[in-house]
Amino acid sequence: MSRFYRYRLPPWVRQCIFVVEKCTLPILIFQLVRTLFFPTTFDVFLLGLLVGIFVAFYLEWI
């Protein structure tokens, strides 16, 4: 099996991945501030999910 390589994907999928990658950090910061002021179970879960996605992009797993 070959490793996942994002440049083998169709151009429209690559563009979607690039857009999500660039938008993740601002959304993550907003969610962190929101969670600090109004902590709910859903906000903490969403923050954990966003941190996981951000780390996956940072380590180039996606």
Side-chain angles (χ1 to χ4, degrees):
M1 295 291 297
S2 64
R3 186 172 175 267
F4 174 73
Y5 189 59
R6 73 168 63 175
Y7 296 104
R8 289 185 188 170
L9 298 172
W12 65 273
V13 175
R14 264 191 317 215
Q15 186 66 29
C16 289
I17 289 175
F18 290 144
V19 168
V20 170
E21 185 176 6
K22 297 299 178 189
C23 293
T24 304
L25 184 61
I27 294 171
L28 177 67
I29 292 171
F30 172 77
Q31 187 62 34
L32 177 66
V33 171
R34 179 185 157 108
T35 304
L36 289 175
F37 289 120
F38 306 111
T40 64
T41 305
F42 178 72
D43 286 330
V44 173
F45 175 73
L46 188 60
L47 181 64
L49 183 69
L50 287 170
V51 167
I53 291 171
F54 180 76
V55 168
F57 278 123
Y58 183 75
L59 297 176
E60 296 180 359
W61 291 344
I62 298 178

Fill in the blank from the handout: Residue set satisfying side-chain hydrogen bond (donor to acceptor under 3.5 Å, both in side chains) with Gln15, at least two apart, ordered chain then number -> none
Exercise for the section: Could I get the full list of side-chain hydrogen bond (donor to acceptor under 3.5 Å, both in side chains) partners for Arg14, not counting sequence neighbours? Expected result: none
Exercise for the section: Test side-chain contact (heavy atoms from CB on, under 4.5 Å) on Thr40 and Thr35 and set out the steps. Expected result: CA-CA 7 Å; Thr40 64; Thr35 304; over 6 Å; no
Problem - Residue pair Val51 / Val55, side-chain heavy-atom distance below 4.5 Å - result: yes
Handout entry: side-chain contact (heavy atoms from CB on, under 4.5 Å) between Phe42 and Leu46, intermediate numbers included
Key = CA-CA 6 Å; Phe42 178 72; Leu46 188 60; 4.1 Å; yes
Handout entry: Joint hydrophobic cluster, Phe54 plus Val44, side-chain heavy atoms closer than 4.5 Å
Key = no
Handout entry: Common cluster, Leu36/Phe30, ILVMFWY with side-chain heavy-atom separation under 4.5 Å
Key = no
Handout entry: Qualifying residue, where the test is side chain to side chain contact (heavy atoms under 4.5 Å, CB included) with Ile29 and the options are Ile27, Leu25, Leu32
Key = Leu25
Problem - Value rounded to 0.5 Å, distance of CZ in Phe45 from CD in Gln31 - result: 11.5 Å
Practice task
Could you work out the complete set of other residues in the hydrophobic cluster of Val19, with links drawn between I, L, V, M, F, W and Y side chains under 4.5 Å apart?
Solution key: none
Practice task
Say whether Phe38 and Leu49 are linked into one hydrophobic cluster, either directly or through other cluster members, by side-chain heavy-atom distances under 4.5 angstrom.
Solution key: no
